[in-house]
Each structure stands twice: as structure tokens, then as C-alpha cells.
2 protein chains.
Amino acid sequence: MDASDACCAPPGNVDSDAMATDLQVLSAMGNDTRYELLRRIANADDGVCVCDLEATVGVSQSAVSQALSRLYTAGLVTRRKEGSWRYYEPTETTEVLLETLDDLRGNHE
Amino acid sequence: MDASDACCAPPGNVDSDAMATDLQVLSAMGNDTRYELLRRIANADDGVCVCDLEATVGVSQSAVSQALSRLYTAGLVTRRKEGSWRYYEPTETTEVLLETLDDLRGNHE
DNA sequence: AGCTTATACAATCAAGCACTAATACGTTGC
DNA sequence: GCAACGTATTAGTGCTTGATTGTATAAGCT
């Protein structure tokens, strides 16, 4: 209560479960390769397979596979197997976040 | 045109300016220390100074300062100097993104 | 069955990152 | 002026992480 030697009130605590979840999402998206993969997956509405993604981002097939796995673990994409191909689609989390980022870039006051 | 050997349509391009901006935001938030600092700054409405933040997250003053600088560069906090103290406040980007993350965690369908 | 294609997994390596410690800058008060 | 405090910056270091290469699995094709 003595404000004479305190510069401000100490801030409250942070929910650690929420923090872990958010960090997984943010760190998964906050990488060059994975962000671009995510954008491409989100742009194409009817599912994208690994073979095409490999060509568009400039890394090896293995790197794409690893990146997609991490996006999947973070709950940012779903994967569905069809024949010999694997199709990836965005989750709602991805769509909402990308849209939010677009809005924030547009409405820069 | 020949769909027999194509698994799917190649996805469209990604705006590279938008990508750079988003990546700066996402990678800045996608770190343990910086995320926690950001949450604490966002929770306290009337500005937080470094001295209090240092006590709450378990790293040195230097680390806190560096983390805050990066958050500032990414446009996630504003800083204002008042006497010998430096007060940090969240930007709209921060508030919108954290709120979006909260919503996404809540509305898990 | 064997070969090819599509994808995932494992091991290794290099680059980037986040920390600590030390130093420098700026403000306040004696 | 100088000392003490709050914050920023710099230099150095260990750890994390993302990529490559190579191998493994699994499904089609002949």
C-alpha cells in the first residue's frame, strides 16, 4: 500500500495451462516454413497434399513432413489419408487466427 | 488439367509482407518468457515497470529488458518513460490476439 | 513377388536464440 | 559534484531448433 517506493502494482498471475496451450500454437506458427505451409493449406479449401507443398516452399520433403507434424500436434491442421496421399486441412483455430492477423494488419490505427 | 497424376491443385502464393509482419508478432509471442511478460502486462491495466516484472518471471533484469525490447519492436507493447521508471502497456494487437487465444481455448468444439 | 511412389521417422549438424554477467547510460537525491 | 537506483546494451556461452541426409513403412503398379 505504500506507494512512495513502489513504481507500480505487481501484476497478477498467469494461467499455466492456458500458457502451455497458447505457446504450442504460437511457436508452431511463428516459424517461416510452418507459417507459409499453414497459409497455403488455409488458402486451398479442399485439402493439400505433401507432394505439392514440398514444391512451393523451398525445403526438402522431410522438412515439410516434420513441419506438418508439428502443426498437427499443435492442433492447427487435420490430416486425412486418401489412397497413397495425405491431405492436410486447416482447423478452426488456424482460420480464426489467420483471419485475426489479417484484420490486425489492416486496421492499423 | 490432367488430374490422373496430380494429387491436388497446387496452392496459391502467400503475401510476403504480411508474412514478415505476422512472423515477427508470432515468434515474439511464441516464447515462454515473452508470453508470460505479455500476459502480465496485459492483465495490469495501468502500465507495468520492469522492476516488478523481473521479480515475477524467473530471469535476470537483463533478460527481461531484452524480452521487452523485442515485444516493443514487434509492436506488441508501448513504452513510456516516467522519471527513472519505464512503463510498458499492451497495444491493441496484443489485446486482440490474447483475447482470440482465450476464445479459441474456450470454444473447443 | 519386386519395384516405385508417397510419406514418416531417426541421426546428425549447423545456426539462431535466450540466458548470464559485466558494463554503460540516465535519473534522482544527497 | 558523487552515490544509488532503474534500465538498456554489449559480449560471451550453452541450449534449442530446424534443416539435411539416410532409412523405414505403407500403398499402388506390373
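Naming: A, B, ... by sequence-line order, numbering from 1 per chain.
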For B:Pro90 versus B:Glu95, what's the shortest heavy-atom pair and its separation? CG-OE2, 3.7 Å

Mind calculating the distance between CG (B:Leu37) and P (C:dA18) to the nearest angstrom? 12 Å

If we count only N and O atoms by modelled type, under 3.5 Å, do the side chains of B:Gln61 and B:Ser65 hold a donor and an acceptor together? no

Report yes if the side chains of A:Cys49 and A:Tyr88 come closer than 4.5 Å at any heavy-atom pair, otherwise no. no

Using a cut-off of less than 4.0 Å, is there contact between a side-chain N or O of A:Arg79 and OP1 or OP2 of C:dT7? no

Has A:Arg40 got a side-chain atom pairing as donor or acceptor with A:Val48's backbone, closer than 3.5 angstrom? no

Contacts under 3.5 Å, N or O only, protein and nucleotides 20-25 of chain C:
residue	atom	partner	partner atom	Å
C:dT20	OP2	B:Ser60	N	2.8
C:dT20	OP2	B:Ser60	OG	2.8
C:dT20	O4	B:Gln66	NE2	3.1
C:dA21	N6	B:Ser62	OG	2.6

Salt bridge (charged side-chain N to carboxylate O under 4.0 Å, His left out) contacts touching residues 64-78 of chain A (sequence neighbours left out): none

So which of residues 17-26 of chain B are in contact with DNA chain C, with a heavy-atom cut-off of under 4.0 Å? none

Would B:Asp102 and B:Arg39 pass as an ion pair if we require N to O under 4.0 Å? yes

A:Thr93 side chain to A:Leu76 main-chain N or O, any donor-acceptor pair under 3.5 Å? no

At under 4.0 Å, does any side-chain N or O of B:Arg86 touch on OP1 or OP2 of D:dA8? yes

Starting at CG of A:Leu53 and ending at P of C:dT7, how long is that distance when rounded to a whole Å? 9 Å

Pull out every protein N or O sitting under 3.5 Å from an N or O of nucleotides 12-16 of chain D, one pair per line with the distance.
none

Do the numbers put A:Arg79 on top of the ring of A:Tyr72, so that NZ or CZ is under 6.0 Å from the six-membered ring centre and no more than 45° off the axis? yes

Mind checking whether B:Met29 and B:Leu98 have side chains closer than 4.5 Å, heavy atoms only? yes

Heavy atoms only: give me the nearest A:Val64-A:Glu54 pair and the separation to one decimal. CG2-CA, 3.9 Å

Can you give me the closest heavy-atom contact between A:Leu53 and A:Thr56, atom names plus distance? O-OG1, 2.9 Å

Return whichever of B:Arg70 or A:Tyr88 has its heavy-atom-nearest nucleotide of DNA chain C closer to the 5' end. A:Tyr88

Rounded distance in Å - CG (A:Leu68) to C1' (C:dC9): 14 Å

Does a nitrogen or oxygen in the side chain of A:Arg34 sit under 4.0 Å from OP1 or OP2 of D:dG18? yes

Grab the two heavy atoms, one from B:Gly75 and one from B:Thr91, that are nearest each other, plus how far apart they are. O-OG1, 2.9 Å

Can you confirm whether B:Leu101 sits close enough to A:Leu26 that some side-chain heavy atom of one is under 4.5 Å from a side-chain heavy atom of the other? yes

I'd like a list of close polar pairs between nucleotides 28-30 of chain C and the protein, N/O only, cut-off under 3.5 Å.
none

Note: B:Arg34 and B:Ala28 closest approach over all heavy atoms is NE-O, 2.7 Å

Any carboxylate oxygen within less than 4.0 angstrom of a Lys/Arg side-chain nitrogen, looking at A:Arg80 and A:Glu82? yes

Scan A:Asn31 against the nucleic acid and name what it touches under 4.0 Å (heavy atoms): base, sugar-phosphate only, or nothing. sugar-phosphate

Without decimals, in angstroms, what is the distance between A:Tyr35 OH and D:dT17 P? 21 Å

Check nucleotides 1-4 of chain C for protein N or O atoms closer than 3.5 Å to its own N or O atoms and list the pairs.
none

Spacing between B:Trp85 atom CH2 and D:dC5 atom P, to the nearest angstrom: 12 Å

A:Ile41 and A:Leu68, any side-chain heavy atoms less than 4.5 Å apart: yes

